Amino acid sequence: MENVSQTQQCPYVAKCGACHIGEKSYEEELAEKREYVVRHIGKYCSQIHDVAGMYYPYHYRNKVHAVFGKIKDEVVAGTYAEGTHTIIPVSGCFIEDTQASAIIQTVTQLIKSFKLWVYNEDTGRGLMRHILVRKGASTKQIMVVLVTASAEFPHKNHFVAELRRRHSEITTIVQNINDKQTTMVLGDREKTLFGPGFIEDVLMGLRFRISPSSFYQVNTAQTQVLYKKAIQAAALTGKEHVIDAYCGIGTIGMCMSAKAGRVTGIELNQQAVKDAKANAKRNNIKNMRFIAADATEYMTQMSQNGERADVIVMDPPRSGSTEAFVRAAASLKPSRIVYVSCEPETLGRDLAWFRREGYHAREAWPVDMFAFTECVETIVLLSHKSPDSVINVTVEFGEGEGKVPLDAIAERAKKYLPKPKITYKMIQEYIEKKYGFKVHTAYIAEVKRSLGLTMYDAPNAVEELKHPRKRPPKEKVEAITEALKYFEVI
Ligand code: SAH
(Lines give C-alpha, C1' and ligand atoms only; values in the text may rest on other atoms or scores of the structure.)
Protein backbone atom coordinates (compact mmCIF):
# COMPACT_ATOMS: atom_id res chain seq x y z
CA MET A 1 0.00 0.00 0.00
CA GLU A 2 1.33 3.41 -0.94
CA ASN A 3 2.07 5.40 2.16
CA VAL A 4 2.85 8.99 2.89
CA SER A 5 5.38 9.15 5.68
CA GLN A 6 6.70 12.14 7.57
CA THR A 7 9.71 12.27 5.20
CA GLN A 8 7.51 12.12 2.11
CA GLN A 9 5.38 15.11 3.04
CA CYS A 10 3.19 16.95 0.62
CA PRO A 11 5.02 20.19 -0.37
CA TYR A 12 1.82 22.24 -0.11
CA VAL A 13 0.60 21.02 3.26
CA ALA A 14 1.56 24.05 5.35
CA LYS A 15 0.21 26.54 2.80
CA CYS A 16 -2.92 25.07 1.30
CA GLY A 17 -4.57 24.05 4.56
CA ALA A 18 -6.91 21.53 2.94
CA CYS A 19 -5.36 18.61 4.84
CA HIS A 20 -2.67 17.76 7.38
CA ILE A 21 -1.16 14.77 5.62
CA GLY A 22 2.11 13.46 7.09
CA GLU A 23 1.61 15.10 10.50
CA LYS A 24 0.44 11.96 12.31
CA SER A 25 -0.40 8.35 11.56
CA TYR A 26 -3.83 7.53 10.17
CA GLU A 27 -4.57 5.42 13.28
CA GLU A 28 -3.82 8.42 15.52
CA GLU A 29 -6.04 10.56 13.35
CA LEU A 30 -8.97 8.11 13.68
CA ALA A 31 -8.60 8.07 17.47
CA GLU A 32 -8.61 11.90 17.50
CA LYS A 33 -11.67 11.99 15.29
CA ARG A 34 -13.55 9.76 17.72
CA GLU A 35 -12.59 12.09 20.59
CA TYR A 36 -13.84 15.03 18.55
CA VAL A 37 -17.21 13.32 18.07
CA VAL A 38 -17.38 12.39 21.78
CA ARG A 39 -16.60 15.99 22.75
CA HIS A 40 -19.60 17.29 20.83
CA ILE A 41 -22.20 14.58 21.20
CA GLY A 42 -21.01 12.53 24.20
CA LYS A 43 -23.42 14.47 26.42
CA TYR A 44 -26.37 13.21 24.39
CA CYS A 45 -25.22 9.75 23.33
CA SER A 46 -23.53 7.19 25.57
CA GLN A 47 -22.75 4.61 22.91
CA ILE A 48 -20.28 5.99 20.38
CA HIS A 49 -18.46 3.40 18.29
CA ASP A 50 -14.91 3.58 16.92
CA VAL A 51 -14.47 5.47 13.67
CA ALA A 52 -14.79 3.22 10.60
CA GLY A 53 -11.54 4.11 8.81
CA MET A 54 -10.62 3.88 5.15
CA TYR A 55 -8.86 0.87 3.68
CA TYR A 56 -6.77 3.09 1.40
CA PRO A 57 -6.86 6.71 2.61
CA TYR A 58 -5.26 8.34 -0.48
CA HIS A 59 -6.61 9.82 -3.71
CA TYR A 60 -10.15 9.26 -2.49
CA ARG A 61 -11.70 12.56 -3.61
CA ASN A 62 -13.85 11.92 -6.68
CA LYS A 63 -14.50 15.66 -7.05
CA VAL A 64 -11.59 18.02 -7.55
CA HIS A 65 -11.82 21.77 -7.81
CA ALA A 66 -9.15 24.29 -8.76
CA VAL A 67 -9.20 28.04 -9.25
CA PHE A 68 -7.26 29.65 -12.09
CA GLY A 69 -4.97 32.59 -11.49
CA LYS A 70 -1.70 34.13 -12.47
CA ILE A 71 1.58 34.18 -10.61
CA LYS A 72 4.22 36.38 -12.25
CA ASP A 73 2.47 36.17 -15.63
CA GLU A 74 2.31 32.38 -15.38
CA VAL A 75 -1.17 30.73 -15.54
CA VAL A 76 -1.68 28.47 -12.54
CA ALA A 77 -4.44 26.26 -11.17
CA GLY A 78 -4.64 25.62 -7.48
CA THR A 79 -6.37 26.38 -4.28
CA TYR A 80 -6.69 29.46 -2.14
CA ALA A 81 -4.26 29.46 0.78
CA GLU A 82 -6.19 28.85 4.00
CA GLY A 83 -8.22 31.90 4.96
CA THR A 84 -6.95 34.05 2.05
CA HIS A 85 -7.52 34.65 -1.63
CA THR A 86 -3.91 33.97 -2.56
CA ILE A 87 -3.62 31.05 -4.98
CA ILE A 88 -1.29 28.16 -4.17
CA PRO A 89 -0.57 26.17 -7.33
CA VAL A 90 -1.17 22.51 -6.46
CA SER A 91 -0.29 19.44 -8.49
CA GLY A 92 -0.16 15.79 -7.46
CA CYS A 93 -2.36 16.15 -4.37
CA PHE A 94 -2.37 13.00 -2.20
CA ILE A 95 -6.09 13.01 -1.47
CA GLU A 96 -7.43 13.93 -4.91
CA ASP A 97 -8.16 11.55 -7.75
CA THR A 98 -5.01 11.29 -9.89
CA GLN A 99 -6.79 11.41 -13.27
CA ALA A 100 -8.66 14.53 -12.20
CA SER A 101 -5.40 16.20 -11.13
CA ALA A 102 -3.80 15.37 -14.50
CA ILE A 103 -6.77 16.85 -16.41
CA ILE A 104 -6.48 20.07 -14.42
CA GLN A 105 -2.80 20.35 -15.36
CA THR A 106 -3.66 19.85 -19.04
CA VAL A 107 -6.41 22.49 -18.98
CA THR A 108 -3.93 24.93 -17.38
CA GLN A 109 -1.50 24.31 -20.26
CA LEU A 110 -4.28 24.68 -22.83
CA ILE A 111 -5.31 28.04 -21.35
CA LYS A 112 -1.73 29.19 -21.98
CA SER A 113 -1.46 27.78 -25.50
CA PHE A 114 -4.90 29.10 -26.53
CA LYS A 115 -3.96 32.45 -24.98
CA LEU A 116 -7.15 32.63 -22.94
CA TRP A 117 -7.38 35.16 -20.14
CA VAL A 118 -7.75 33.97 -16.61
CA TYR A 119 -10.26 35.79 -14.47
CA ASN A 120 -9.00 38.46 -12.09
CA GLU A 121 -11.07 38.68 -8.93
CA ASP A 122 -10.08 42.30 -8.22
CA THR A 123 -10.83 43.77 -11.63
CA GLY A 124 -13.63 41.34 -12.57
CA ARG A 125 -11.95 40.92 -16.00
CA GLY A 126 -10.82 37.75 -17.77
CA LEU A 127 -12.58 34.53 -18.73
CA MET A 128 -11.39 31.29 -17.09
CA ARG A 129 -12.40 31.15 -13.42
CA HIS A 130 -12.50 27.60 -12.09
CA ILE A 131 -12.34 23.97 -13.10
CA LEU A 132 -14.28 21.15 -11.50
CA VAL A 133 -13.62 17.51 -12.33
CA ARG A 134 -15.97 14.78 -11.11
CA LYS A 135 -15.42 11.08 -11.58
CA GLY A 136 -17.73 8.10 -11.15
CA ALA A 137 -15.56 5.80 -9.05
CA SER A 138 -17.19 2.63 -10.38
CA THR A 139 -18.12 3.69 -13.91
CA LYS A 140 -14.87 5.66 -14.47
CA GLN A 141 -16.95 8.32 -16.28
CA ILE A 142 -15.36 11.77 -15.99
CA MET A 143 -17.02 15.19 -16.18
CA VAL A 144 -15.04 18.39 -16.66
CA VAL A 145 -16.78 21.64 -15.77
CA LEU A 146 -15.07 24.80 -17.04
CA VAL A 147 -16.35 27.83 -15.17
CA THR A 148 -16.10 31.00 -17.23
CA ALA A 149 -16.95 34.60 -16.47
CA SER A 150 -18.93 35.02 -19.69
CA ALA A 151 -20.69 32.89 -22.27
CA GLU A 152 -18.15 33.87 -24.97
CA PHE A 153 -15.47 31.19 -25.13
CA PRO A 154 -12.98 31.88 -27.96
CA HIS A 155 -11.75 28.78 -29.86
CA LYS A 156 -14.20 26.70 -27.84
CA ASN A 157 -14.47 23.83 -30.31
CA HIS A 158 -10.71 23.51 -30.76
CA PHE A 159 -10.16 23.73 -27.04
CA VAL A 160 -12.64 20.90 -26.39
CA ALA A 161 -11.21 18.77 -29.22
CA GLU A 162 -7.67 19.16 -27.91
CA LEU A 163 -8.69 18.37 -24.32
CA ARG A 164 -10.48 15.23 -25.50
CA ARG A 165 -7.52 14.22 -27.64
CA ARG A 166 -5.22 14.38 -24.64
CA HIS A 167 -7.70 12.78 -22.23
CA SER A 168 -9.89 10.23 -23.98
CA GLU A 169 -11.19 9.16 -20.54
CA ILE A 170 -13.32 12.36 -20.34
CA THR A 171 -16.97 11.48 -20.99
CA THR A 172 -18.55 14.94 -20.79
CA ILE A 173 -17.48 18.60 -20.78
CA VAL A 174 -19.72 21.39 -19.50
CA GLN A 175 -19.22 25.14 -19.59
CA ASN A 176 -20.69 26.83 -16.53
CA ILE A 177 -21.14 30.59 -16.71
CA ASN A 178 -20.54 32.51 -13.51
CA ASP A 179 -20.56 36.25 -14.20
CA LYS A 180 -21.11 37.35 -10.61
CA GLN A 181 -18.52 38.68 -8.20
CA THR A 182 -19.00 35.89 -5.72
CA THR A 183 -17.09 33.25 -3.80
CA MET A 184 -19.47 30.58 -5.14
CA VAL A 185 -17.76 28.41 -7.74
CA LEU A 186 -20.71 27.65 -10.01
CA GLY A 187 -23.06 30.09 -11.71
CA ASP A 188 -26.57 29.18 -12.76
CA ARG A 189 -26.12 28.94 -16.56
CA GLU A 190 -24.71 25.88 -18.28
CA LYS A 191 -23.80 24.77 -21.80
CA THR A 192 -22.91 21.18 -22.55
CA LEU A 193 -19.87 21.22 -24.84
CA PHE A 194 -19.44 17.49 -25.18
CA GLY A 195 -21.27 14.34 -24.02
CA PRO A 196 -24.48 14.12 -22.00
CA GLY A 197 -23.75 16.90 -19.47
CA PHE A 198 -23.68 14.53 -16.51
CA ILE A 199 -21.87 11.42 -15.30
CA GLU A 200 -23.15 8.28 -13.65
CA ASP A 201 -21.87 6.20 -10.80
CA VAL A 202 -22.90 2.91 -9.21
CA LEU A 203 -23.47 2.84 -5.49
CA MET A 204 -24.73 -0.27 -3.66
CA GLY A 205 -25.83 -1.80 -6.94
CA LEU A 206 -27.85 1.26 -8.03
CA ARG A 207 -26.93 3.63 -10.84
CA PHE A 208 -26.96 7.38 -10.16
CA ARG A 209 -26.83 10.35 -12.49
CA ILE A 210 -24.75 13.27 -11.22
CA SER A 211 -25.03 16.80 -12.67
CA PRO A 212 -22.43 19.55 -12.20
CA SER A 213 -24.22 21.19 -9.26
CA SER A 214 -25.74 18.12 -7.59
CA PHE A 215 -24.35 16.98 -4.28
CA TYR A 216 -22.66 13.59 -4.37
CA GLN A 217 -20.45 12.23 -1.60
CA VAL A 218 -16.79 12.74 -2.52
CA ASN A 219 -15.56 9.40 -1.19
CA THR A 220 -17.42 6.61 -2.95
CA ALA A 221 -15.91 3.62 -1.10
CA GLN A 222 -16.72 5.06 2.33
CA THR A 223 -20.17 6.21 1.21
CA GLN A 224 -21.12 2.55 0.93
CA VAL A 225 -19.87 1.95 4.49
CA LEU A 226 -21.91 4.96 5.63
CA TYR A 227 -25.11 3.98 3.83
CA LYS A 228 -24.93 0.35 5.02
CA LYS A 229 -24.79 1.63 8.59
CA ALA A 230 -27.67 4.05 7.99
CA ILE A 231 -29.79 1.23 6.53
CA GLN A 232 -28.96 -0.99 9.49
CA ALA A 233 -29.87 1.78 11.95
CA ALA A 234 -33.22 2.37 10.20
CA ALA A 235 -34.14 -1.30 10.91
CA LEU A 236 -36.81 -1.40 8.21
CA THR A 237 -39.29 -4.26 7.89
CA GLY A 238 -40.76 -3.44 4.47
CA LYS A 239 -43.84 -1.54 5.62
CA GLU A 240 -42.51 1.81 6.75
CA HIS A 241 -43.05 5.25 5.30
CA VAL A 242 -39.52 6.67 5.26
CA ILE A 243 -38.68 10.33 4.75
CA ASP A 244 -35.27 11.05 3.23
CA ALA A 245 -34.85 14.71 4.16
CA TYR A 246 -32.08 16.73 2.42
CA CYS A 247 -32.00 13.84 -0.08
CA GLY A 248 -29.75 15.34 -2.81
CA ILE A 249 -29.97 13.07 -5.86
CA GLY A 250 -31.85 10.52 -3.74
CA THR A 251 -29.02 8.13 -2.96
CA ILE A 252 -29.80 7.21 0.68
CA GLY A 253 -33.55 6.85 0.19
CA MET A 254 -33.14 4.76 -2.95
CA CYS A 255 -30.67 2.45 -1.22
CA MET A 256 -33.32 1.98 1.51
CA SER A 257 -36.34 1.72 -0.78
CA ALA A 258 -36.21 -2.07 -1.25
CA LYS A 259 -36.63 -2.48 2.51
CA ALA A 260 -39.31 0.22 2.99
CA GLY A 261 -43.01 0.50 2.20
CA ARG A 262 -42.51 3.85 0.52
CA VAL A 263 -39.99 6.67 0.63
CA THR A 264 -40.45 10.44 0.30
CA GLY A 265 -37.29 12.34 -0.67
CA ILE A 266 -37.27 16.08 0.03
CA GLU A 267 -34.63 18.34 -1.51
CA LEU A 268 -34.29 22.07 -2.17
CA ASN A 269 -32.00 21.98 -5.24
CA GLN A 270 -34.21 21.61 -8.35
CA GLN A 271 -31.40 20.12 -10.44
CA ALA A 272 -30.73 17.46 -7.80
CA VAL A 273 -34.47 16.61 -7.74
CA LYS A 274 -34.39 16.21 -11.53
CA ASP A 275 -31.44 13.84 -11.17
CA ALA A 276 -33.23 12.01 -8.34
CA LYS A 277 -36.33 11.40 -10.47
CA ALA A 278 -34.23 10.16 -13.39
CA ASN A 279 -32.32 7.93 -10.96
CA ALA A 280 -35.48 6.36 -9.52
CA LYS A 281 -36.77 5.63 -13.02
CA ARG A 282 -33.49 4.18 -14.23
CA ASN A 283 -33.30 1.88 -11.19
CA ASN A 284 -36.95 0.90 -11.58
CA ILE A 285 -37.80 2.16 -8.09
CA LYS A 286 -41.54 2.67 -7.88
CA ASN A 287 -42.06 3.35 -4.18
CA MET A 288 -40.11 6.60 -3.93
CA ARG A 289 -41.32 10.10 -4.76
CA PHE A 290 -39.37 13.35 -4.70
CA ILE A 291 -40.45 16.74 -3.51
CA ALA A 292 -38.63 19.90 -4.58
CA ALA A 293 -39.12 21.94 -1.43
CA ASP A 294 -37.69 23.18 1.81
CA ALA A 295 -37.71 20.08 4.04
CA THR A 296 -39.07 21.95 7.08
CA GLU A 297 -41.92 23.57 5.19
CA TYR A 298 -42.96 20.36 3.49
CA MET A 299 -42.82 18.26 6.64
CA THR A 300 -44.83 20.87 8.56
CA GLN A 301 -47.46 20.73 5.82
CA MET A 302 -47.48 16.92 5.98
CA SER A 303 -48.08 16.99 9.68
CA GLN A 304 -50.89 19.54 9.29
CA ASN A 305 -52.48 17.16 6.78
CA GLY A 306 -52.41 14.44 9.43
CA GLU A 307 -49.67 12.45 7.72
CA ARG A 308 -47.04 10.48 9.60
CA ALA A 309 -43.62 9.02 8.97
CA ASP A 310 -42.28 5.84 10.54
CA VAL A 311 -38.61 6.61 9.96
CA ILE A 312 -36.91 9.90 9.09
CA VAL A 313 -33.43 9.86 7.61
CA MET A 314 -31.81 13.27 7.50
CA ASP A 315 -28.52 14.35 5.98
CA PRO A 316 -28.27 18.13 6.22
CA PRO A 317 -25.34 20.27 5.01
CA ARG A 318 -22.43 21.16 7.30
CA SER A 319 -24.42 23.96 8.94
CA GLY A 320 -26.75 21.27 10.32
CA SER A 321 -30.49 21.42 10.68
CA THR A 322 -32.74 24.00 12.34
CA GLU A 323 -34.94 24.08 15.39
CA ALA A 324 -37.98 24.39 13.10
CA PHE A 325 -36.94 21.27 11.18
CA VAL A 326 -36.55 19.32 14.42
CA ARG A 327 -40.04 20.38 15.51
CA ALA A 328 -41.51 19.44 12.12
CA ALA A 329 -39.74 16.05 12.22
CA ALA A 330 -41.06 15.32 15.73
CA SER A 331 -44.60 16.29 14.70
CA LEU A 332 -44.59 13.40 12.18
CA LYS A 333 -44.07 11.06 15.16
CA PRO A 334 -41.44 8.76 13.63
CA SER A 335 -40.37 5.84 15.79
CA ARG A 336 -36.78 6.25 14.56
CA ILE A 337 -34.67 9.08 13.23
CA VAL A 338 -31.38 8.35 11.51
CA TYR A 339 -29.26 11.51 11.47
CA VAL A 340 -26.32 11.51 9.03
CA SER A 341 -24.04 14.42 9.86
CA CYS A 342 -20.76 15.72 8.48
CA GLU A 343 -20.21 18.17 11.34
CA PRO A 344 -20.12 16.99 14.98
CA GLU A 345 -20.57 20.54 16.31
CA THR A 346 -23.88 21.25 14.61
CA LEU A 347 -24.90 17.63 15.25
CA GLY A 348 -24.50 18.18 19.02
CA ARG A 349 -26.60 21.35 18.86
CA ASP A 350 -29.34 19.54 16.91
CA LEU A 351 -29.35 16.54 19.27
CA ALA A 352 -30.14 18.96 22.11
CA TRP A 353 -33.17 20.21 20.14
CA PHE A 354 -34.27 16.64 19.48
CA ARG A 355 -34.00 15.82 23.17
CA ARG A 356 -36.45 18.62 23.93
CA GLU A 357 -38.89 16.94 21.57
CA GLY A 358 -38.44 13.62 23.41
CA TYR A 359 -36.05 12.03 20.87
CA HIS A 360 -32.92 10.60 22.44
CA ALA A 361 -29.68 9.56 20.72
CA ARG A 362 -29.20 5.82 21.28
CA GLU A 363 -26.07 4.95 19.30
CA ALA A 364 -23.55 6.70 17.07
CA TRP A 365 -21.23 5.38 14.37
CA PRO A 366 -18.55 7.77 13.09
CA VAL A 367 -17.28 7.02 9.56
CA ASP A 368 -14.16 8.58 8.07
CA MET A 369 -14.94 9.95 4.63
CA PHE A 370 -12.17 12.58 4.56
CA ALA A 371 -8.77 11.17 5.60
CA PHE A 372 -6.12 13.72 6.62
CA THR A 373 -8.68 16.45 7.20
CA GLU A 374 -10.55 17.52 10.32
CA CYS A 375 -13.89 16.34 8.99
CA VAL A 376 -15.70 13.24 10.16
CA GLU A 377 -19.13 11.90 9.27
CA THR A 378 -21.39 10.46 11.99
CA ILE A 379 -24.61 8.47 11.93
CA VAL A 380 -26.81 8.80 14.99
CA LEU A 381 -29.85 6.69 15.73
CA LEU A 382 -32.54 8.50 17.72
CA SER A 383 -35.78 7.13 19.06
CA HIS A 384 -38.53 8.45 21.25
CA LYS A 385 -37.91 8.35 24.96
CA SER A 386 -39.26 5.14 26.52
CA PRO A 387 -41.80 5.42 29.37
CA ASP A 388 -40.34 6.52 32.73
CA SER A 389 -42.03 3.73 34.66
CA VAL A 390 -44.24 0.67 34.17
CA ILE A 391 -47.31 -0.23 36.25
CA ASN A 392 -48.14 -3.93 36.65
CA VAL A 393 -51.85 -4.71 36.77
CA THR A 394 -53.22 -8.15 37.61
CA VAL A 395 -56.66 -8.93 36.22
CA GLU A 396 -58.73 -11.92 37.27
CA PHE A 397 -61.44 -13.25 34.99
CA GLY A 398 -64.65 -14.98 36.04
CA GLU A 399 -67.69 -14.26 38.27
CA GLY A 400 -67.48 -12.37 41.53
CA GLU A 401 -66.29 -9.10 43.00
CA GLY A 402 -63.24 -7.54 41.38
CA LYS A 403 -63.29 -10.09 38.57
CA VAL A 404 -63.91 -9.35 34.90
CA PRO A 405 -66.74 -11.47 33.43
CA LEU A 406 -65.71 -13.29 30.25
CA ASP A 407 -68.90 -12.52 28.27
CA ALA A 408 -68.23 -8.78 28.76
CA ILE A 409 -64.80 -9.28 27.19
CA ALA A 410 -66.35 -10.91 24.11
CA GLU A 411 -68.84 -8.03 23.87
CA ARG A 412 -66.08 -5.43 24.11
CA ALA A 413 -63.88 -7.27 21.59
CA LYS A 414 -66.68 -6.89 19.04
CA LYS A 415 -66.59 -3.14 19.55
CA TYR A 416 -62.86 -3.08 18.79
CA LEU A 417 -63.11 -5.10 15.58
CA PRO A 418 -61.26 -3.19 12.83
CA LYS A 419 -63.66 -1.14 10.73
CA PRO A 420 -63.76 -1.88 7.00
CA LYS A 421 -61.63 0.55 4.97
CA ILE A 422 -63.87 3.30 3.61
CA THR A 423 -62.79 4.11 0.08
CA TYR A 424 -63.38 7.31 -1.89
CA LYS A 425 -65.47 5.22 -4.29
CA MET A 426 -67.86 4.14 -1.48
CA ILE A 427 -68.29 7.80 -0.46
CA GLN A 428 -68.89 8.88 -4.08
CA GLU A 429 -71.50 6.15 -4.62
CA TYR A 430 -73.29 6.95 -1.35
CA ILE A 431 -73.49 10.67 -2.22
CA GLU A 432 -74.66 10.08 -5.76
CA LYS A 433 -77.43 7.76 -4.53
CA LYS A 434 -78.53 10.00 -1.67
CA TYR A 435 -77.99 13.52 -3.12
CA GLY A 436 -78.08 12.85 -6.84
CA PHE A 437 -74.77 14.58 -7.66
CA LYS A 438 -71.21 13.43 -8.20
CA VAL A 439 -68.28 14.59 -6.06
CA HIS A 440 -64.67 14.64 -7.19
CA THR A 441 -62.11 12.68 -5.14
CA ALA A 442 -60.11 15.92 -4.78
CA TYR A 443 -63.11 17.42 -2.96
CA ILE A 444 -63.31 14.44 -0.60
CA ALA A 445 -59.58 14.80 0.04
CA GLU A 446 -59.98 18.51 0.68
CA VAL A 447 -62.78 17.96 3.20
CA LYS A 448 -60.80 15.20 4.96
CA ARG A 449 -57.79 17.48 5.08
CA SER A 450 -59.83 20.35 6.54
CA LEU A 451 -61.13 17.97 9.22
CA GLY A 452 -57.55 17.02 10.11
CA LEU A 453 -58.00 13.38 9.05
CA THR A 454 -55.07 11.17 8.06
CA MET A 455 -54.27 11.35 4.37
CA TYR A 456 -52.44 8.61 2.51
CA ASP A 457 -50.67 9.89 -0.58
CA ALA A 458 -50.18 7.48 -3.44
CA PRO A 459 -46.46 6.83 -3.96
CA ASN A 460 -46.73 8.31 -7.44
CA ALA A 461 -48.54 11.46 -6.27
CA VAL A 462 -47.33 14.64 -7.92
CA GLU A 463 -45.11 16.60 -5.62
CA GLU A 464 -45.84 20.14 -6.71
CA LEU A 465 -49.45 21.20 -7.05
CA LYS A 466 -50.03 22.34 -10.62
CA HIS A 467 -53.14 24.29 -9.60
CA PRO A 468 -53.99 25.79 -6.25
CA ARG A 469 -56.41 23.60 -4.28
CA LYS A 470 -60.05 24.55 -4.92
CA ARG A 471 -62.56 24.78 -2.10
CA PRO A 472 -65.52 22.50 -2.85
CA PRO A 473 -68.96 24.20 -3.00
CA LYS A 474 -70.91 24.34 0.26
CA GLU A 475 -73.51 21.68 -0.60
CA LYS A 476 -70.77 19.24 -1.57
CA VAL A 477 -68.86 19.89 1.67
CA GLU A 478 -72.05 19.14 3.61
CA ALA A 479 -72.75 15.96 1.62
CA ILE A 480 -69.18 14.71 2.05
CA THR A 481 -69.20 15.51 5.77
CA GLU A 482 -72.50 13.67 6.18
CA ALA A 483 -71.14 10.67 4.25
CA LEU A 484 -68.03 10.59 6.44
CA LYS A 485 -70.33 10.53 9.49
CA TYR A 486 -72.48 7.79 7.93
CA PHE A 487 -69.39 5.61 7.41
CA GLU A 488 -68.21 6.47 10.96
CA VAL A 489 -64.98 8.05 9.67
CA ILE A 490 -65.73 11.03 11.90
N1 SAH B 1 -28.41 12.87 1.27
C2 SAH B 1 -27.70 13.29 0.09
C3 SAH B 1 -27.33 14.77 0.08
C4 SAH B 1 -26.79 15.37 1.34
S5 SAH B 1 -26.08 16.99 1.19
C6 SAH B 1 -26.50 12.41 -0.16
O7 SAH B 1 -26.09 11.63 0.70
O8 SAH B 1 -25.95 12.47 -1.25
C9 SAH B 1 -27.31 18.04 1.79
C10 SAH B 1 -28.40 18.35 0.80
O11 SAH B 1 -29.37 19.16 1.47
C12 SAH B 1 -27.98 19.15 -0.43
O13 SAH B 1 -28.36 18.44 -1.59
C14 SAH B 1 -28.75 20.48 -0.30
O15 SAH B 1 -29.18 20.99 -1.56
C16 SAH B 1 -29.94 20.06 0.54
N17 SAH B 1 -30.61 21.12 1.32
C18 SAH B 1 -30.06 22.18 1.95
N19 SAH B 1 -30.99 22.87 2.63
C20 SAH B 1 -32.17 22.24 2.43
C21 SAH B 1 -33.52 22.47 2.88
N22 SAH B 1 -33.81 23.51 3.67
N23 SAH B 1 -34.49 21.62 2.50
C24 SAH B 1 -34.20 20.56 1.69
N25 SAH B 1 -32.95 20.29 1.23
C26 SAH B 1 -31.94 21.11 1.59
Side-chain angles (χ1 to χ4, degrees), residues 61-63 134 136-137 184-186 188 198-204 206-231 233-234 242-257 260 263-280 283 288-302 309 311-329 332 337-343 346-347 350 353 365 367 369-370 375-380 463-464:
R61 282 195 66 94
N62 62 29
K63 173 170 139 183
R134 301 184 90 167
M184 300 286 285
V185 174
L186 296 178
D188 29 335
F198 57 83
I199 52 163
E200 292 170 315
D201 200 15
V202 177
L203 205 56
M204 309 206 35
L206 299 176
R207 213 171 170 87
F208 293 102
R209 177 174 115 168
I210 307 153
S211 292
S213 69
S214 300
F215 177 89
Y216 187 66
Q217 292 282 2
V218 297
N219 182 336
T220 315
Q222 286 300 90
T223 301
Q224 317 217 33
V225 173
L226 185 80
Y227 285 6
K228 275 186 196 151
K229 262 288 157 240
I231 294 171
V242 178
I243 289 184
D244 178 3
Y246 308 96
C247 73
I249 58 169
T251 43
I252 301 183
M254 274 187 244
C255 291
M256 285 186 175
S257 64
V263 186
T264 303
I266 317 173
E267 164 64 47
L268 202 55
N269 177 335
Q270 305 265 359
Q271 184 56 51
V273 172
K274 248 191 209 167
D275 283 353
K277 286 181 182 171
N279 289 332
N283 291 296
M288 184 156 186
R289 61 176 183 159
F290 294 96
I291 319 289
D294 171 82
T296 306
E297 275 176 23
Y298 190 78
M299 282 165 45
T300 307
Q301 197 187 324
M302 279 177 79
V311 176
I312 295 179
V313 182
M314 55 186 286
D315 182 10
R318 196 163 293 277
S319 52
S321 194
T322 61
E323 217 172 339
F325 176 98
V326 169
R327 253 183 275 124
L332 293 171
I337 296 172
V338 179
Y339 191 143
V340 183
S341 155
C342 57
E343 176 50 80
T346 51
L347 173 62
D350 298 355
W353 287 332
W365 298 268
V367 177
M369 313 276 287
F370 317 98
C375 306
V376 60
E377 198 94 7
T378 312
I379 292 176
V380 178
E463 53 279 10
E464 287 146 313

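As the structure lists them, so they are numbered: ligands from 1, and atoms in each ligand from 1. Predicted, not measured: the structure shown is a model, and the values here were computed from it. Keep in mind that the numbers below use all heavy atoms, side chains included, and drop hydrogens, waters and symmetry copies.
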Under-4.0 Å heavy-atom contact with ligand 1, by part of Cys247 that carries it:
backbone

Taking distance alone, with no angle check, do Asn269 and ligand 1 share an N/O pair under 3.5 Å?
no

Heavy-atom nearest neighbour in the protein, as seen from atom 18 (C) of ligand 1, with distance rounded to 0.1 Å:
Pro317 CG, 3.7 Å

Is Val340 close to Glu377 at the side-chain level, that is, under 4.5 Å between some pair of heavy atoms?
yes

May I ask you to test the Leu206-Asn279 pair for a side-chain heavy-atom distance under 4.5 Å?
no

Do the non-hydrogen side-chain atoms of Gln224 and Leu203 ever get within less than 4.5 Å of each other?
yes

Among protein heavy atoms, which sits nearest to atom 9 (C) of ligand 1, and what does the distance come to when rounded to 0.1 Å?
Asp315 O, 3.3 Å

The closest protein heavy-atom partner of atom 23 (N) of ligand 1 is Ala295 N, 2.9 Å

Give yes if a backbone or side-chain nitrogen or oxygen of Ile252 is under 3.5 Å from a nitrogen or oxygen of ligand 1, and no if not.
no

Would you tell me whether Gln271 and Ser211 have side-chain atoms, one donor and one acceptor, within less than 3.5 Å of each other?
yes

Which residue holds the protein heavy atom closest to atom 14 (C) of ligand 1, what is that atom called, and what is the gap in Å?
Glu267 OE2, 3.4 Å

Below 4.0 Å, non-hydrogen atoms only: which portion of Leu268 touches ligand 1? Side chain, backbone, both or neither.
both

I need the atoms of ligand 1 closer than 4.0 Å to a non-hydrogen atom of Thr251, numbered in the order shown.
6 (C), 7 (O), 8 (O)

Determine, considering heavy atoms only, which of Tyr227, Tyr298, Phe215, Tyr216 sits nearest to atom 7 (O) of ligand 1.
Tyr227

Between Asp294 and ligand 1, is there a nitrogen or oxygen pair with a distance under 3.5 Å?
yes

Looking at side-chain heavy atoms only, is the closest gap between Met288 and Asn283 below 4.5 Å?
no

Using heavy atoms and a 4.0 Å limit, tell me yes or no: is Ala293 in contact with ligand 1?
yes

Please determine which of Phe215, Phe325, Tyr339, Tyr298 meets the ring pair (Phe, Tyr, Trp, His ring centres under 6.0 Å) test together with Tyr246.
Phe325

Test item: side-chain donor near acceptor, Ser214 and Asp275, under 3.5 Å:
yes

Min over Phe208, Phe325, Tyr246 of heavy-atom distance to atom 11 (O) of ligand 1 lands on Tyr246

